[in-house]
Amino acid sequence: MDKALFDEMIATRRRIHRRPEEGWTEFETNWLVVERLREIGGFDILLGTKVVNPEAVMGRSEKLVKEAIERALANGVPQSFIDETEGYTGCVAVLDTGRPGPTTAFRCDMDCVIVSETADPAHVPNAEGFASERPGFMHACGHDAHTAVGLAVARWLAEHRDELCGRFKLVFQPAEEGVRGGGAIAASGVLDDVDQLIGGHVGTFARLGEVGLCHTGFLASTKLDIYFEGTPSHAGADPHKGRSALMAACATAMMMQGIPRHGEGTTRVSVGRLVAGEGRNVTPVHAFMQAEVRGSSGEINQYMVDAVENIVKGNAVAYGVKGRIEKAGEATTLDDCPELLDVIRSVAGGIDGVKRVFDESRPSGSEDCTMLIRRVKEHGGRGTYFLFGCNQNGHHRADFDIQDTESLPVAFEVFTGVAKKLNGLAA
Ligand SMILES: [Zn+2]
């Protein structure tokens, strides 16, 4: 790729890496994206409720959003931009070549992980001076890379629009972690006219120099926030008058591990957090749990959700407390799209630095790009997903790193190569 564009892409990734923002609070990142897109020119930039359906928003904290807006303003983000977002991060940039042709969408996510970056001086972001400036937050999943690649692709598309037909939609998605943002972008309808949508991720099963073609493998998942509310009492004098939210939550956590496995596919269940009680000698009034289930099909995932709902209901009765579940995130499975994967395969095979292109279907995590793809499919389009490699010790770790100067150009070449194949004038 062009040297100036390469330099800009790496600098952008490193700038975003320094200012990690968790899901739904990506105001600084989103402003960087919009400022760059406006400087490039030629894009119609959609923000706020044009790209996020508030009714489908999951796992968004009004308090964290308020704090993030204050922080963004203090860091130079203009109030006029905050107003444009209507409080919802996320952006879709539309480029119309003015010539008939398909509408192709590329998706990049923008949010970080809740983990502190290692202080190890050998860790590249420390050695090169672009480590996270926000303790407790880090781009430990590479979404900084995804956004930087998306912006490089944007500049390339704008500069090559005379060689292209149809339209492009670049999706800068908030809140992928916890699979919270994809559903709301999908439900906005902004992708309903898209013929094909492609998402990518750095790392996971792909090592440096490899490109993975994802046929299936993502598990459907539902993130559940579970609340119990009991009745306080003096733990010594009146234990019989209290109703313990803590005990209902503990029983729920134990019973969730006992949901029978499903005979027709893979399941997962996790209770990641349980906070309960007020003090040593008071019957606990409040309990809060963050839990999740997964399944290798939507039906199997729903089987797990139904089981959790029954357990919460049953324990509410058994312990005499109130139980409530809120859906905090959702992703579905990835349907195989061999035709689009063949396009990526043919592009990836010709990229400098790509030594191996492989097919991938192992069950892994979950990805709410699947929500975007499902929506596009429901409207007659298609979608798929690929991996571009890096060498890492594990995602979401304090020492996660991606060898940006080697890994990012591969993703850039895949997206722009696919754009030429699908929307080239000769296509
Ligand atoms: Zn990720």
Side-chain angles (χ1 to χ4, degrees), residues 1-9 12 33-34 36-46 51 91-108 146-173 189-200 211 213-214 337-354 357 369 372-373 375-377 379-388 408-427:
M1 69 188 286
D2 178 78
K3 171 83 168 76
L5 188 48
F6 170 85
D7 289 345
E8 179 181 80
M9 178 171 70
T12 302
V33 167
V34 168
R36 178 71 50 79
L37 289 167
R38 286 184 177 151
E39 179 260 307
I40 294 170
F43 285 92
D44 191 10
I45 298 166
L46 308 176
V51 301
C91 161
V92 175
V94 187
L95 183 80
D96 193 339
T97 66
R99 279 175 287 275
T103 298
T104 300
F106 298 140
R107 181 272 208 164
C108 331
H146 303 167
T147 300
V149 169
L151 286 172
V153 170
R155 191 180 291 285
W156 185 93
L157 289 173
E159 286 174 358
H160 291 79
R161 61 187 297 167
D162 291 346
E163 300 152 40
L164 300 164
C165 67
R167 298 198 308 157
F168 292 91
K169 290 195 164 184
L170 300 177
V171 183
F172 294 90
Q173 189 207 296
V190 71
L191 301 176
D192 290 359
D193 62 350
V194 165
D195 296 297
Q196 45 222 353
L197 180 141
I198 295 169
V211 169
L213 307 172
C214 299
C337 186
E339 318 86 65
L340 272 184
L341 288 178
D342 280 344
V343 175
I344 299 175
R345 190 192 311 275
S346 67
V347 169
I351 297 173
D352 272 354
V354 172
V357 182
C369 192
L372 305 183
I373 293 172
R375 179 80 178 204
V376 166
K377 281 189 73 177
H379 288 79
R382 55 186 183 164
T384 198
Y385 199 83
F386 73 98
L387 309 172
F388 57 105
L408 270 60
V410 171
F412 172 84
E413 297 292 349
V414 169
F415 281 120
T416 53
V418 165
K420 278 187 266 186
K421 291 244 181 210
L422 296 176
N423 294 63
L425 277 188

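For Met9 against Ala152, the heavy-atom pair with the smallest separation is SD-CB, 3.7 Å. Heavy-atom minimum distance, Leu37 versus Ala93: CD1-CB, 3.7 Å. Residues Ile40 and Leu151 come closest through the heavy atom pair CD1-O, 4.1 Å. Shortest non-hydrogen contact noted between Val33 and Cys91 is CG1-SG, 4.3 Å. Residues Val194 and Ala105 share a closest heavy-atom pair of CG1-CB, 3.8 Å. The minimum heavy-atom distance linking Phe168 with Ala419 is given by the pair CE2-CB, 3.7 Å.
Contact annotation: the side chain of Asp193 approaches that of Arg167 to within less than 4.5 Å [non-hydrogen atoms, C-beta and beyond]. Side-chain contact check for Leu213 versus Thr384: every heavy-atom pair is 4.5 Å or farther apart. Using a 4.5 Å heavy-atom cutoff, the side chains of Val410 and Val211 are in contact. Using a 4.5 Å heavy-atom threshold, the side chains of Leu157 and Val153 count as touching. Proximity of Cys369 to Leu197: side-chain heavy atoms (C-beta onward) are separated by under 4.5 Å at one or more points. Using a 4.5 Å heavy-atom threshold, the side chains of Arg375 and Leu372 count as separate. The side-chain heavy atoms of Cys108 and Leu170, taken from C-beta on, include no pair separated by under 4.5 Å. Between Glu339 and Val343 the shortest side-chain heavy-atom distance does not fall below 4.5 Å.
Atom CZ of Arg382 is separated from atom CG of Leu341 by 10.0 Å, given to the nearest 0.5 angstrom. Note that CZ of Arg99 is 9.5 Å distant from CD of Glu163, once rounded to the nearest 0.5 Å. Note that CD of Gln196 and CG of Leu340 are 5.5 Å apart. Values are rounded to the nearest 0.5 Å. Thr416 OG1 to Lys421 NZ: the interatomic distance, rounded to the nearest 0.5 Å, is 12.0 Å. In this structure, the separation between CZ on Phe43 and CZ on Arg155 is 9.5 Å, given to the nearest 0.5 Å. Note: Leu95 CG to His160 NE2 = 12.5 Å, rounded to the nearest 0.5 Å.
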Original post:
Which is it for Thr104 and Asn423 under the side-chain hydrogen bond (donor to acceptor under 3.5 Å, both in side chains) test, yes or no, and what are the steps along the way?
Top reply: CA-CA 8 Å; Thr104 300; Asn423 294 63; 2.6 Å; yes
**OP:** Evaluate the criterion side-chain contact (heavy atoms from CB on, under 4.5 Å) for residue pair His146 and Phe388; output intermediate values, then yes/no.
**Re:** CA-CA 10 Å; His146 303 167; Phe388 57 105; 4.0 Å; yes
**OP:** List the steps, then state whether side-chain contact (heavy atoms from CB on, under 4.5 Å) holds for Val94 with Leu46.
**Re:** CA-CA 8 Å; Val94 187; Leu46 308 176; 4.1 Å; yes
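Evaluation of the side-chain hydrogen bond (donor to acceptor under 3.5 Å, both in side chains) rule for Asp342 yields Arg345 as partners, not counting sequence neighbours. The side-chain hydrogen bond (donor to acceptor under 3.5 Å, both in side chains) test applied to Arg36 returns Thr12, not counting sequence neighbours.
The one candidate from Ile198, Val171, Ile373 that meets the side chain to side chain contact (heavy atoms under 4.5 Å, CB included) condition with Arg107 is Val171.
Phe415 and Phe386 have their aromatic ring centers within a separation under 6.0 angstrom.
Using a cut-off of 4.0 Å between Lys/Arg side-chain N and Asp/Glu carboxylate O, Glu413 and Lys420 are scored as not salt-bridged.
Side-chain atoms of Asp195 come within 3.5 Å of backbone N or O of Thr103 as a donor-acceptor pair.
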